[in-house]
Asker: 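Here it is, the structure in full.
In listed order, ligands and their atoms are each counted from 1.
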Amino acid sequence: MKFLITGGAGFIGSHLADALLARGDAVVALDDLSTGSTENIERARGHASFEFCEGCVTDGALVGRLASECDAILHMAAAVGVRRVIAATSASMDVNLRGTQTVLQTADRLAKPVVLASSSEVYGKGHRIPFAEDDDVLLGATCSPRWSYAGAKAVGEWLALSLAREHGVRVLCMRLFNTVGPRQTGRYGMVLPTFVRQAIRDEPLTVYGDGAQARCFGHVRDVVACALRLFESDKAWGTVVNVGSDLEITIDALARLVRERCASSSEIEHVDYASVSEISIDEPLRRVPDLSRLRACIGDVPTTPIEHIVDDVIARVRTGVETA
Ligand code: UDP
C-alpha cells in the first residue's frame with residue numbers, strides 16, 4: 001500500500017514511515033518542518049519507496065494531490081508541545097483545526113481511509129482513572145490557552161466520527177498517551193528529553209511542583225506497532241481508541257531514574273509551578289489509559305519498560321543527534 005503521512009518528518013510520523021517502509025509499503029511524507037526535521041527522515045530518504053513533500057497540511061490542493069496518489073492517510077501533523085501551544089495559541093489552533101478539517105474533507109472526497117492522531121489531552125482534568133474512550137471529558141477554562149490543544153483535538157474527533165456516520169468515511173481516531181523515544185525534541189517542554197539532556201550535562205533536573213504528578217510513557221516503537229495493527233483491525237474503524245502504555249510513574253521517580261541511568265550528578269530541583277507560567281498549574285495529576293478497547297482490537301499491547309525507554313533516549317542524545 002501507499003500511505004500519505006501528514007507530519008511525516010515529525011517525531012511519531014517519521015517512525016511510522018520507517019516501519020511502513022521496512023515492511024514493504026510506500027510512503028509520501030508531508031511536513032512543513034516547523035517541529036519536524038530532515039534528520040528524522042534521513043533513514044527513510046534512502047528508500048526508493050519514500051517521497052518527501054515540504055508543505056502545510058492546511059493546503060487543501062496539495063493534500064488533495066498527494067492523497068489522490070495514496071491508498072490511505074495517516075494524519076499525524078499537529079502543532080504539539082504545551083510550551084508551543086501556549087506561546088502561539090492561535091497559530092497552533094489553526095493548524096490543528098484547519099489541518100484536520102482539510103485532511104478529513106479530502107478523505108471524504110477521495111474515499112480514502114484516514115487514521116487521525118488525537119491526544120490523551122482530550123481527557124483534560126478527568127479524575128476517573130483509568131481513562132476510557134467513552135468517558136466524559138473535563139477541560140479547563142477557555143481563558144487558559146493550555147486547553148486549546150485538547151479542544152482542537154476533541155473537535156477533530158467529532159468531525160471524524162460525524163463524517164464516518166453521515167458519509168461513511170473510514171476513520172479511526174487514536175488517542176495517543178505520552179509517547180516518548182528517540183527523535184523527540186525537548187524544545188517544546190516535553191519532560192523526558194528535557195530530563196535526559198539536563199542529566200547528561202549534570203544540570204539540575206527541573207521537576208515541576210512536587211513531582212507527585214504521574215504519567216504513563218509509551219515507547220514510540222510500541223505506539224507505531226499498535227497503530228499499524230489497529231489499521232488492520234475491523235473493530236477499530238469508526239471509533240476512538242486509546243493508544244499508549246498503562247505503566248504509571250511519578251515525575252519525581254522519572255527524574256531519579258533518568259539521573260541513575262545517566263550516572264549523572266545532577267540535583268533534582270523542584271520548580272514552583274508559578275515560575276513556569278501557566279503551563280502546568282492546571283495540569284492533570286494522573287493520566288492512565290484504559291487499554292481494554294485497544295486489546296480487543298489488536299490483542300497483546302507491547303509496553304516497553306520505562307528503564308529501557310530511558311536508555312534508548314539517553315543513547316540517542318549521547319550520539320549528539322538530539323541537540324535541543
Ligand atoms: N515536567 C516537569 N519538568 C519539565 C517538563 C515537564 O516536571 O521540565 C512535567 C509536567 O509538569 C508534566 C509531566 O512532566 O507533569 C509531563 O510533561 P510533558 O510536557 O512531557 O507532557 P504532558 O503530560 O504535559 O502532555
Side-chain angles (χ1 to χ4, degrees), residues 11-12 35 78-87 92 96 117-127 129-131 137 139-140 144-154 175-201 203-220 223 242-259 262 264 266-289 306 309-310 313 317 322 324:
F11 164 48
I12 305 177
T35 55
V80 291
V82 176
R83 189 176 296 165
R84 190 162 186 270
V85 167
I86 289 178
S92 72
N96 295 344
S118 183
S119 166
S120 58
E121 272 280 304
V122 165
Y123 291 105
K125 300 188 279 188
H127 30 68
I129 299 285
F131 294 152
V137 297
L139 300 189
S144 164
R146 182 203 164 104
W147 299 108
S148 63
Y149 179 77
K153 287 290 181 183
R175 269 190 201 157
L176 303 179
F177 280 66
N178 292 65
T179 304
V180 290
R183 295 184 193 160
Q184 183 179 39
T185 168
R187 215 173 294 146
Y188 308 106
M190 274 77 160
V191 68
L192 185 55
T194 302
F195 281 179
V196 168
R197 202 179 63 241
Q198 291 167 335
I200 284 176
R201 296 177 182 164
E203 293 169 356
L205 270 60
T206 51
V207 171
Y208 298 161
D210 62 4
Q213 72 272 32
R215 295 290 183 270
C216 300
F217 294 96
H219 196 300
V220 65
V223 167
N242 287 339
V243 176
S245 161
D246 55 3
L247 305 174
E248 199 179 18
I249 183 169
T250 66
I251 298 305
D252 213 32
L254 180 71
R256 281 184 267 113
L257 179 67
V258 168
R259 183 171 64 178
C262 278
S264 161
S266 291
E267 303 278 310
I268 292 177
E269 184 187 337
H270 288 96
V271 181
D272 196 27
Y273 275 133
S275 67
V276 267
S277 79
E278 57 186 307
I279 291 182
S280 324
I281 294 168
D282 211 15
E283 73 171 355
L285 188 58
R286 297 178 67 197
R287 189 191 279 155
V288 184
I306 187 68
I309 302 179
V310 167
V313 174
V317 175
E322 227 82 80

Asker: So if I count the atoms of ligand 1 from 1 in the order they appear, which ones are less than 4.0 Å from some heavy atom of Asn178?
Answerer: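 In order of numbering, the contacting atoms are 21 (O), 22 (P), 23 (O), 25 (O).
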
Asker: If you take all heavy atoms of Ala212 and Thr250, which pair is closest and at what distance?
Answerer: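 Answer, listing the atom of Ala212 first, then Thr250: O-CG2, 3.8 Å.
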
Asker: Considering residues, nucleotides and ligands other than Glu267, do more than 12 of their heavy atoms fall under 6.0 Å from its CD?
Answerer: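 No.
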
Asker: Classify the contact between Val191 and ligand 1 as side chain, backbone, both or neither, using a heavy-atom distance cut-off of under 4.0 Å.
Answerer: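 Both backbone and side chain.
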
Asker: Output the list of atoms in ligand 1 that are nearer than 4.0 Å to some heavy atom of Gly189, sorted by atom number.
Answerer: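 Near Gly189, the atoms of ligand 1 are 5 (C), 6 (C), 19 (O).
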
Asker: Please determine whether any non-hydrogen atom of Tyr188 lies less than 4.0 Å from an atom of ligand 1.
Answerer: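 The answer is no: ligand 1 sits nowhere under 4.0 Å from a heavy atom of Tyr188.
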
Asker: Output yes when the distance from some N or O of ligand 1 to some N or O of Leu192 is under 3.5 Å, and no in every other case.
Answerer: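 No, no N or O pair falls under 3.5 Å.
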
Asker: Can you see which heavy atom on Trp147 is nearest to which on Pro284, and at what distance?
Answerer: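 Scanning both residues completely, I find the closest heavy atoms to be CH2-CD, 4.2 Å.
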
Asker: Treating Arg259 as the side-chain partner and Ser266 as the backbone partner, does any N or O pair qualify as donor plus acceptor under 3.5 Å?
Answerer: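 At least one qualifying donor-acceptor pair exists.
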
Asker: Provide the number and element of each atom of ligand 1 under 4.0 Å from a heavy atom of Thr206.
Answerer: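 Reading through ligand 1 atom by atom, the close ones are 2 (C), 3 (N), 4 (C), 7 (O), 8 (O).
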
Asker: Check ligand 1 against Thr194 and write out every atom of the ligand that is under 4.0 Å from a heavy-atom position of the residue.
Answerer: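 It comes down to these atoms of ligand 1: 8 (O).
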
Asker: So, are Glu121 and Arg146 salt-bridged, with charged N and O less than 4.0 Å apart?
Answerer: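 Salt bridge: yes.
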
Asker: Quick check for you: to the nearest 0.5 Å, what is the distance between Tyr273 atom OH and Asp210 atom CG?
Answerer: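 Interatomic distance, Tyr273 OH to Asp210 CG, rounded to 0.5 Å: 7.0 Å.
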
Asker: Taking Thr185 for the side chain and Arg183 for the main chain, is one N or O donor matched with an acceptor at less than 3.5 Å?
Answerer: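 No; zero donor-acceptor contacts below 3.5 Å.
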
Asker: Val207 heavy atoms, cut-off 4.0 Å: which ligand 1 atoms fall inside?
Answerer: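 Here the atoms of ligand 1 in question are 7 (O).
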
Asker: Just to verify, which of Ser118, Ser119, Pro289 counts as forming a side-chain contact (heavy atoms from CB on, under 4.5 Å) with Arg175?
Answerer: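 Single pass found, and it is Ser118.
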
Asker: Any N or O on Tyr273 sitting closer than 3.5 Å to an N or O of ligand 1?
Answerer: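 There is no such contact.
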
Asker: Consider ligand 1: state whether an atom of it lies below 4.0 angstrom from any non-hydrogen atom of Arg287.
Answerer: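 Contact present.
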
Asker: Within the 4.0 Å heavy-atom shell around Glu283, which atoms of ligand 1 are there?
Answerer: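 Those atoms are 10 (C), 11 (O), 12 (C), 15 (O).
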
